[in-house]
Amino acid sequence: TWSTRPQRILRAVQQSATRGDPRSVVRAIDQFCRHKEWAMNVGDEKGCILDSVVSELNPSTVLELGTYCGYSTVRIASLLPPHAKLITLEFNPDFAAVARQVIAWAGLQGKVQLVEGASGDWIPKMKEQFGVKTFDLVFLDHWKDRYLPDTKLMEECGLLRKGSILLADNVICPGTPDYLEYVRNSPRYKSQYFKSHLEYTKAEDGLEKSVFLG
Ligand SMILES: Cc1ccc(Cc2cc(O)c(O)c(C(=O)NC/C=C/[C@H]3O[C@@H](n4cnc5c(N)ncnc54)[C@H](O)[C@@H]3O)c2)cc1
Ligand SMILES: [Mg+2]
C-alpha cells in the first residue's frame, strides 16, 4: 500500500528482469500482471499482434499515445531498426517516471523519447520540436475518448502520410466507438480488426489497424 501499482511493476522488473534484455522486461511485467496485480498493459496476447505489425512495417518513426509503465514502449522499441525513433507521450508524471526506469532497464533509452505532456498539446509541436515529418506508425493506447480527436489532429498537422498505420488498443473493451466508426467509414482509411482478449483476462478485446490512404 505504501507504493503505487506502477512502482510495484517497476520493482518486479528490477527484481526479475535482466538489464538490457527487453524480452525479460516484458516477461517480468506480464508475470506480475497475470499472477499478482492486473494492470492496463497491452499484454502478451495483443502484444504479439503489436509485434507482428511493427516487424512487418519496420517503421523509422513511431508515435505512442499513452506510455503508462512503458510495457508497449519496450515491445515496440525492441523491434525497431537501428536509426528508428519512438516518441511516446505520457501526461502523468508519476507514470512517466516509472516508464523511464522500465525503458532504461530494457536498455532502450537511446531509441525512445518519452515526452511528458498531453497529446493534444504536443501533436501540433511534433514537427518543430522533434524534427518529425510524418509517422510511419502510431500506437493509440491512452484515454479512449482521445483516440478520435487526436487522429483528426494528426491529420490536420500533416503527421500522417499515404501508408501511415494507426494501431489502436481496446477498440472493444473499454471500447472506442466514435474512433472505430470514423476509421471504418472514412474513405481515407483502410481498416482491419484483430480479435483478441483484454490483457490477462478472457474478455474480448482487439486491436484496430488502419492504413491512412492520404
Ligand atoms: C470498463 C473498463 C475499464 C478498464 C478496462 C481496462 C483497460 C484496458 C486497457 O488496455 C486500457 O488501455 C485501459 C485504459 O483506460 N487506458 C487509458 C490509458 C491511459 C494512459 O495514458 C495516459 N494518457 C491518457 N490520456 C493522455 C493524453 N491525452 N496525453 C498523454 N497521456 C495520456 C495516462 O496517464 C495513462 O498512463 C483500460 C476495461 C474496461
Ligand atoms: Mg490499452
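Sequential numbering from 1 along the given sequence is applied to the chain's residues. Counting convention: from 1, in listed order, for ligands and their atoms alike.
- Ring centers of Tyr68 and His142: at least 6.0 Å apart, outside the cut-off.
- Note on the Mg ion (ligand 2): protein N/O/S atoms under 2.8 Å are Asp141 OD1, Asp169 OD2, Asn170 OD1.
- Figure legend: Arg184 and Tyr193 shown as a cation-pi pair, the cationic atom lying under 6.0 angstrom from the six-membered ring centre and within 45 degrees of its axis.
- Ring pair Phe130/Trp122: centre-to-centre distance below 6.0 Å.
- Using a 4.5 Å cut-off on side-chain heavy atoms (C-beta onward), Ile103 and Tyr71 make no contact.
- Protein residues are said to neighbour a ligand when one of their heavy atoms lies under 4.0 Å from it; for ligand 1 these are Trp38, Met40, Gly66, Tyr68, Leu89, Glu90, Phe91, Asn92, Phe95, Gly117, Ala118, Ser119, Asp141, His142, Trp143, Lys144, Asp169, Asn170, Cys173, Pro174, Leu198, Glu199.
- In this structure, OH on Tyr179 lies 12.0 Å from CG on Asn170, to the nearest 0.5 angstrom.
- Contact check on Arg27 versus Asp44 returns no salt bridge, with no Lys/Arg side-chain nitrogen under 4.0 Å from an Asp/Glu carboxylate oxygen.
- The side-chain heavy atoms of Val26 and Arg75, taken from C-beta on, include a pair separated by under 4.5 Å.
- Side chains of Glu64 and Ser72: a donor on one and an acceptor on the other come within 3.5 Å.
- Contact check for Phe135 versus Met126: side-chain heavy atoms found under the 4.5 Å cut-off.
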